[in-house]
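Report on one structure; see the data block that follows.
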Amino acid sequence: MKNVLLGLLLAFVSIIAGCSSVDSKGETANRKTEVVFWHSMSGDLQPVLEEIVNDFNQTHSDIEVKPVFQGTYEEALTKWNAVAGTKEAPTIMQTFEVGTKHMIDSRQIVPVQTWIDKDQYDVSQWEKNIVRYYTVNGRIYSMPFNSSTPVLIYNKDAFRKAGLDPEKPPLTYSELKEAAKKLTKKSGKETKQYGFSMLNYGWFFEEMIAVQGGLYVNHDNGRSADATEAVFHGQEGRRVFELIRDMYRDGTFYNAGQNWDDMRAAFQAGKIAMYLDSSAGLKSLIDNSPFSVGVSYLPVPDGIERQGVVIGGASLWMMKGSSEKEQKAAWEFMKYVTSPSVQAKWHVRTGYFAINPAAYDEPLVKEEWKKYPQLKVAVDQLHETKPTAATQGALITVFPESRQHVVKAMEQLYEGVDPQEALDQAAKETNRVLQKTN
Amino acid sequence: MNDRVSSPMPSAWPVPTQPTVRRTAMKAWMEGMVYLLPSLLLFGVFLFYPLARTLYLSMFSTNYQGAPIRFVGWAHFAALFQDESFWHSVKTTFFFAALTVPTTVAIAFCLALLVHEKRKGIGIFRTLFASTMGMSVAVASIIWMFMYNPAIGIMNRLLSALGFPAVSWLLDPDTALYAVAIATIWMNIGFTFLLLLAGLQNIDPSLYESARIAGLSYWRQLWTVSVPLLSPTLFFVTTVSLIQALQTFGQIDFLTKGGPVDATNVFVYAIYREAFVNYQFGFASAQAIVLFVIIAAITFLQFRFAERKVHYQ
């Protein structure tokens, strides 16, 4: 009897032990170098990415890249935190742009600059504005992969019905307010169609400040030295908040909450006529809307010169824990995904930018641009961006938390809180966490 | 010799000496422990160790990987009790529990009474009423998210068809918690209903017969037979539902992310955000310990006071 119990116990212990010793890396039987690649591409993006990986594996007989979906950028980063520096960590990790400083400070990564130097790879062929974001202290830390910017999206049919020119979208705040008023349609007390909307999400607020040339944090957006204070509650931030408050008060602004899908559903259902969205989802949005979709630049306050946009999206990071051979294989993969032909495919199938502008000369892109001229608008907006600290984007570790406070401030606007007061509160909270981590 | 002391009985069994008693007891204890070992091991790995670790972490500042860096003692707790948003989330959580638990139990009880009697086709209704049990929080939340969508959701279409103004359910701080509560009640009804129905089915039918012979009305029967005999089940579902309500997470994460303006930032969601978005594992651990103490105290009080009213057969 006791022997049976002991046996059971041993079996049990070995099961538990077995759980933790699953070896996910190393070399497979036929001596291929395995590269585990954690990514966050879901929905329509995932099959495109998997196709690219597949093509790579077929053309590179000695390397096997294994894409593993790890949830949203936030979720993937949390998982990575738990395994960074151990054998369970992937070789390549896709992380969103605001995680840049977090990754650098973790000290668990190899800057891709190391491999750029080793391979004498020419980065001058890359899109300047994208490289600028990922360059910290003169070094490129991660491989830009999927980059996007915010754009103004509008319903051309609704423009026509409201007597507006569908080829002349609003470019300034006053034009935006004017157009929104004409686009807002009411039946009785209920609003059938709202003029404008913007997701309660920190990214759009950051971009609306940057386009005016405003900074998010001090020390040149944390680029010349570690940021110690938030500055987004200055006049640039106030203009954005006042715009939302004014339009909400007029009844032309639709509160879309925090959910991207809710907002897109509202647009496609004709509930909102104009809104801000990422250029990344453009292709499927155009395909799935029952009306013709227009794309334009972010609006700016009257009399303010347009500075351009900060790059969003994500980049690929190489892990320190992996062997030289794995790193080399990972580098090969990174070079492959940023090559013009792959980037051309990536751009037309998703709406993300091409890291390598040579991709825009590929016949595939030229053909698609004829069918979807909207894709080109986002590219133009990026190319017209002026290289300043504002458009380079802020570099802080506590971005996710700071965004929560900005979202809360945006939500307070709908409750009638004064714009400056809401902003000051968010800045105060951001300062608190900035100082805690420094 | 004292005559009150009887002469020793001639015993068939040898009286064991002290050391032997101890040895047998020891052996029995050991054997008992061996039987318990698998469950102790499981509890140890999945409950006791994490609990001890949480307590340990709650006294440290941690890095982004959750590794303790600096001992801070009770500083996290001290900061916690001065934190306004902490008290706000405590209030929100209790209000949420008060909204959901009694309503869920009451509705489930009514449904159970409805389908308690044997009728033709009653099985269909029993299955329907219990069906929400088979749905994960994620799926249910997505369904409700679309129903609540102010632009395309069915809720607002119904309202406008009935001539009421549109409500921005999850986007208005005044309505968001109620909206999440309604979804939660719907999700929890299945499980509660099933337990209560099983409880009703277990009541001896002869008791109802006697009650009918005594001429008791349906409502008197309900009050004097069903409720007392169902009280153990009622007590159980209330306790479990309350613990569940205090630990609500999934619906919040899917539907509101704690917003708008923290209106639905319940306790567990606040802990999650502190640990896995802000990487403040020490502070989050302190919050988790406080939550543990609160739930333990409430469960204790429930057993101490409410259980007196429970009638065990």
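Predicted, not measured: the structure shown is a model, and the values here were computed from it. Naming: A, B, ... by sequence-line order, numbering from 1 per chain.
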So for A:D261, is it side chain, backbone, both, or neither that comes closer than 4.5 Å to the heavy atoms of chain B?
neither

When only pairs under 4.5 Å are counted, which of A:A265, A:S106, A:A269, A:A266 shares the most heavy-atom pairs with chain B?
A:S106

Using heavy-atom distances under 4.5 Å, tell me whether B:P165 contacts chain A through its side chain, its backbone, both, or neither.
neither

Which heavy atom in B:L171 sits nearest to a heavy atom in A:N255, and how many Å separate them?
CD1-O, 2.9 Å

Selection from A:H102, A:E74, A:E75 maximising heavy-atom pairs under 4.5 Å formed with chain B
A:H102

Heavy-atom proximity to chain B below 4.5 Å, by part of A:I272
neither

Residues 274-282 of chain B vs chain A, non-hydrogen distance cutoff under 4.5 Å, contacting residues -> B:F276, B:V277, B:N278, B:Y279, B:Q280

How far apart are the closest heavy atoms of B:P173 and A:E415, and which atoms are they?
CD-OE2, 3.0 Å

Given that the side chain runs from C-beta out, which part of A:Y254 has a heavy atom under 4.5 Å from chain B: side chain, backbone, both or neither?
side chain

Measure A:Q108 against the heavy atoms of chain B and call it side chain, backbone, both or neither at under 4.5 Å.
side chain

Let me know if B:T256 has heavy atoms under 4.5 Å from chain A in its side chain, its backbone, both or neither.
backbone

Contact part of A:A256 toward chain B, heavy-atom cut-off under 4.5 Å: side chain, backbone, both or neither?
backbone

